[in-house]
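Please read the structure below before turning to the comments.
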2 protein chains.
Amino acid sequence: MKNRLKILRAERDWTQADLAMYLDVSRQTINAIEKNKYDPSLPLAFKAARLFALNIEDIFQDDETINKN
Amino acid sequence: MKNRLKILRAERDWTQADLAMYLDVSRQTINAIEKNKYDPSLPLAFKAARLFALNIEDIFQDDETINKN
DNA sequence: ATATAATGTAAAACAAACTTGACAAAACCC
DNA sequence: GGGTTTTGTCAAGTTTGTTTTACATTATAT
């Protein structure tokens, strides 16, 4: 599972700690997800989608899902 | 977190066991998710989305997410 | 160069997701 | 009705996600 959190953060000039605060998780959780140590829970993915006003699929990309673009 | 698994199953005349098999999880997992005992993992949500050819948001709906329709 | 901020990482603990096995209740045929 | 399939549920166990604390490394700014 890939994700665009680092890019989305960079676009807003947010630190991992900032994003963690907005999503009500620990900074280590953000770091672990960005470094692909584990996948977020579905509720957390929804929260991120809401925060960035994007679809979950636009933030997180399943490796099995073949991308048509 | 609500979900439309039961409806999507019904449309295809699948049992919980059928869906479990297609998603490589136990029948109890499908039952628990349908009965809102817990949320699926993000990978499982992606797998369901692929199976039904829908977006995750069209299958699972966060309670916090205000629906605009 | 040194201070500060940001990121990476690790261990221990706990919570949430998922498994297997088993059985009861409900729905569906004949 | 009785048999069969489907659904609901429970307990015990494993795995995955998350927290806290702590410290090391890297980047940024004087």
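Naming: A, B, ... by sequence-line order, numbering from 1 per chain. Worth saying up front: this structure is predicted, and the values here are computed from it rather than measured.
- Around CG of B:N36, the count of heavy atoms belonging to other residues, nucleotides or ligands within 6.0 Å exceeds 12.
- Side-chain N or O atoms of A:R9 include one that pairs as donor or acceptor with a backbone N or O of A:W14 at under 3.5 Å.
- Taking atom CG of A:D24 as the reference point, atom C1' of D:dG17 lies 16 Å away to the nearest angstrom.
- Along DNA chain D, the nucleotide nearest to A:I30 and the one nearest to B:A17 differ in position, and the one closer to the 5' end is contacted by B:A17.
- Between B:P43 and B:K37, the one whose closest nucleotide on DNA chain D sits nearer the 5' end is B:K37.
- In terms of modelled atom types and a separation under 3.5 Å, the side chain of B:N3 and the main chain of B:L5 share a donor-acceptor contact.
- Using modelled atom types, one side-chain atom of B:D63 and one backbone atom of B:M1 make a donor-acceptor pair closer than 3.5 Å.
- Separating the CG atom of A:N31 from the P atom of D:dT26 is a distance of 14 Å, rounded to the nearest angstrom.
- As rounded to whole Å, 15 Å separates atom C1' of D:dT16 from atom CG of A:N36.
- Backbone-only engagement by B:T15 is indicated by non-hydrogen atom pairs under 4.0 Å involving sugar-phosphate atoms exclusively.
- Nucleotide D:dT6 holds its C1' atom 11 Å from the NZ atom of B:K6, rounded to whole Å.
- Atom CD1 of A:I33 is separated from atom C1' of D:dT19 by 13 Å (rounded to the nearest Å).
- Annotation: the span from A:Q61 atom CD to A:K2 atom NZ amounts to 8.5 Å, rounded to 0.5 Å.
- Under the 3.5 Å distance criterion, the side-chain polar atoms of B:D39 are left unmatched by any main-chain donor or acceptor of A:S41.
- The side chain of A:V25 approaches D:dT18 more closely than any other nucleotide in the set D:dC10, D:dG8, D:dT18.
- Using a 4.0 Å heavy-atom distance criterion, B:S41 is classed as a sugar-phosphate-only contact.
- Rounded to an integer number of Å, the gap from OH of B:Y38 to C1' of D:dT9 is 12 Å.
- Atom CE in A:M21 sits about 14 Å away from atom P in D:dT19, given to the nearest Å.
- Nucleotides of DNA chain C with any atom under 4.0 Å from a heavy atom of chain A span, from 5' to 3', C:dA6 to C:dA10.
- A straight line from CD of B:Q28 to P of D:dT6 spans 15 Å, rounded to a whole angstrom.
- By the 4.0 Å N-to-carboxylate-O rule, B:D24 lies close enough to B:K47 to be salt-bridged with it.
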